Amino acid sequence: MIEVKNFRKSFGSKEVHKGITFSVKKGECMGLIGGSGVGKSVILRSLIGLEKPDSGEIFIDGEEITRYNENDLVEIRKKVAYVFQGGALFDSMTVYENLAYPLREHTKKSEAEIKKMISDQLGEFGLPAAEGLYPANLSGGMQKRVGLARALMMQPKWILYDEPTAGLDPSNTRKIQEHILKLKATGITSILVTHDMPTAFAVCDKMSFILDGKIAFEGTLDEIHQDKSGIVKKFIDGEG
Ligand SMILES: Nc1ncnc2c1ncn2[C@@H]1O[C@H](COP(=O)(O)OP(=O)(O)O)[C@@H](O)[C@H]1O
Ligand SMILES: [Mg+2]
């Protein structure tokens, strides 16, 4: 379970988060929706301790993490995968090396075990031939899939997706949706940051909409469809 309570953060004189509260139950996928610059990525980064709110609390499995030290945060980052906007692959490493990196860094697995895990994972993602390629030689869609594949190497309990379909064509978007749904079926808890509303509707159980530093609306898909306030419609029409 992930809980964010009264999250506030300013950059300089700009108050970005004015008290954001939401929770995600085990096995749920929550959409965190909002226009560019409303602070979605800052919230995701704060969930793994890469940033801290000025005030407010973040609970992961009941533990408040904003006061964690770097060592404790390393443990959190093993369990909570962050699929970065753009994949964030290491450009100087092959796909194989990129996937091996977290395992070599954080586990004592043998190279033979690592090799087997990578070949299984790349098979799962339809990328068996990509092992020896460098990120620069991959299409945008492949980079995003490799980024997701790498995030899964540590078998996380939680996944934070930061705009995983941004810039993708419909076929690659569908592939990412299928992976998210498949992972959800295994019981993984996730947060999907996006403004790709069709994807949000395809994979999320519920959504929270950020507007002007606050959650302007939250609800299940049914509640979203029935929203009479007009807030959700604005987001769907791209005016949110
Ligand atoms: N390190 C930083 N320094 C200064 N301003 C920042 C920093 N990180 C984020 N911001 C500001 O916070 C706001 C929210 O950023 P971000 O979370 O990246 O938005 P989103 O992901 O919703 O597009 C932006 O307006 C940005 O200018
Ligand atoms: Mg962002």
Side-chain angles (χ1 to χ4, degrees), residues 29 31-37 40-45 47-48 50-51 77-107 109 114-186 188-204:
C29 176
L32 191 56
I33 316 293
S36 186
K40 305 179 298 295
S41 296
V42 167
I43 293 174
L44 290 193
R45 287 204 294 274
L47 288 171
I48 53 169
L50 293 177
E51 303 205 35
R77 287 175 203 144
K78 288 181 196 168
K79 294 186 286 188
V80 186
Y82 183 174
V83 184
F84 285 87
Q85 223 162 333
L89 300 170
F90 301 116
D91 290 333
S92 61
M93 294 183 190
T94 62
V95 167
Y96 183 95
E97 298 289 323
N98 265 281
L99 266 63
Y101 185 83
L103 296 173
R104 288 176 182 159
E105 198 73 1
H106 296 300
T107 74
K109 290 189 191 304
I114 290 175
K115 192 170 177 8
K116 166 91 169 59
M117 286 178 75
I118 291 175
S119 115
D120 288 352
Q121 190 73 290
L122 289 176
E124 186 71 21
F125 278 81
L127 296 162
E131 256 188 33
L133 300 180
Y134 287 87
N137 300 322
L138 304 174
S139 68
M142 283 164 88
Q143 285 183 9
K144 290 219 186 231
R145 271 185 287 154
V146 172
L148 180 53
R150 184 181 60 181
L152 295 174
M153 293 309 289
M154 291 294 291
Q155 298 169 309
K157 281 173 73 179
W158 295 277
I159 304 184
L160 313 174
Y161 302 101
D162 200 344
E163 312 215 11
T165 58
L168 296 186
D169 59 33
S171 151
N172 278 300
T173 296
R174 212 173 319 109
K175 282 181 192 156
I176 294 283
Q177 289 176 7
E178 283 164 12
H179 285 299
I180 295 176
L181 286 171
K182 221 187 213 176
L183 289 165
K184 199 169 102 172
T186 69
I188 275 186
T189 309
S190 55
I191 298 178
L192 169 70
V193 157
T194 193
H195 36 226
D196 169 4
M197 292 310 295
T199 293
F201 276 107
V203 305
C204 295

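Just so you know, these numbers use all the heavy atoms, side chains as well, and skip hydrogens, waters and symmetry mates. Values in this document were obtained by computation on a predicted structure and should not be read as measured data.
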Over all heavy atoms of both residues, which pair between Ala200 and Leu192 is shortest? Give the atoms and the distance, please. CA-CD2, 4.0 Å

Let me confirm one number: the CZ-CG distance from Arg45 to Leu160, rounded to the nearest 0.5 Å. 12.0 Å

So, taking the atom named CG in Asp196 and the one named CD1 in Ile33, what distance separates them when rounded to the nearest 0.5 Å? 9.0 Å

If I take atom CG from residue Leu32 and atom CG from residue Asp162, how far apart are they, to the nearest 0.5 angstrom? 9.5 Å

Which residue pairs satisfy the salt bridge (charged side-chain N to carboxylate O under 4.0 Å, His left out) criterion with at least one member in residues 90-107, sequence neighbours excluded? Glu97-Arg104, Arg104-Glu111

Search all heavy atoms of Tyr161 against all heavy atoms of Ser190 and return the closest pair with its distance. CE1-CB, 3.6 Å

Can you name the residues that form a side chain to side chain contact (heavy atoms under 4.5 Å, CB included) with Gln155, not counting sequence neighbours? none

Thr194 versus Glu163, closest heavy-atom pair with distance: CA-CG, 4.5 Å

Does any non-hydrogen side-chain atom of Leu50 lie less than 4.5 Å from one of Arg77? yes

Expected output: side-chain Lys40 to main-chain Gly35 donor-acceptor under 3.5 Å: yes

Pairing residues for Lys157 by the salt bridge (charged side-chain N to carboxylate O under 4.0 Å, His left out) criterion, not counting sequence neighbours: Asp61

Atom of Leu89, atom of Arg150 and distance for their closest heavy-atom approach: CA-NH1, 3.9 Å

Side-chain touch Leu99/Met117, heavy atoms, less than 4.5 angstrom: no

Nearest 0.5 Å, please: how far is CZ in Phe125 from CE in Met142? 13.0 Å

Compare all side-chain heavy atoms of Thr107 with those of Met154 and state whether any distance is below 4.5 angstrom. yes

If you define the side chain from C-beta out and look only at heavy atoms, does anything of Tyr82 sit under 4.5 Å from Ser41? yes

Please list all pairs meeting salt bridge (charged side-chain N to carboxylate O under 4.0 Å, His left out) that have one or both residues in residues 165-174, counting only residues at least two apart or in different chains. none

Apply the test side-chain contact (heavy atoms from CB on, under 4.5 Å) to residues Leu127 and Val95: give CA-CA distance (whole Å), side-chain angles for both, the deciding distance (0.1 Å), then the verdict. CA-CA 10 Å; Leu127 296 162; Val95 167; over 6 Å; no

Grab the two heavy atoms, one from Gly141 and one from Leu168, that are nearest each other, plus how far apart they are. CA-CD2, 3.5 Å

Please step through side-chain contact (heavy atoms from CB on, under 4.5 Å) for the pair Leu47 and Val80, ending with a clear verdict. CA-CA 8 Å; Leu47 288 171; Val80 186; 5.5 Å; no

Nearest heavy-atom neighbours spanning Pro128 and Gly126: CD-C, 3.2 Å

Report the residues that fulfil salt bridge (charged side-chain N to carboxylate O under 4.0 Å, His left out) with Glu131, sequence neighbours left out, ordered by chain and then residue number. none

Distance in Å, Ile48 CD1 paired with Lys79 NZ, rounded so as to fall on 0.5 Å steps: 13.5 Å

Test item: Met153 and Ile118 side chains (from C-beta on) under 4.5 Å apart, heavy atoms: yes

Side chains of Tyr96 and Leu122 in contact at under 4.5 Å (non-hydrogen atoms): no

Any side-chain heavy-atom pair from Pro164 and Leu148 closer than 4.5 angstrom? no

Inter-residue atom distance Lys184.NZ - Cys204.SG, 0.5 Å rounding: 7.0 Å

Would you give me the side-chain donor-acceptor pairs under 3.5 Å for residues 175-182, sequence neighbours excluded?
| from | atom 1 | to | atom 2 | distance (Å) |
| --- | --- | --- | --- | --- |
| Gln177 | NE2 | Thr199 | OG1 | 2.8 |
| Lys182 | NZ | Glu124 | OE2 | 2.7 |

Quick check on Tyr101: does its OH atom have over 12 non-hydrogen neighbours (other residues, nucleotides or ligands) under 6.0 Å away? no

If you define the side chain from C-beta out and look only at heavy atoms, does anything of Ile43 sit under 4.5 Å from Ile191? no

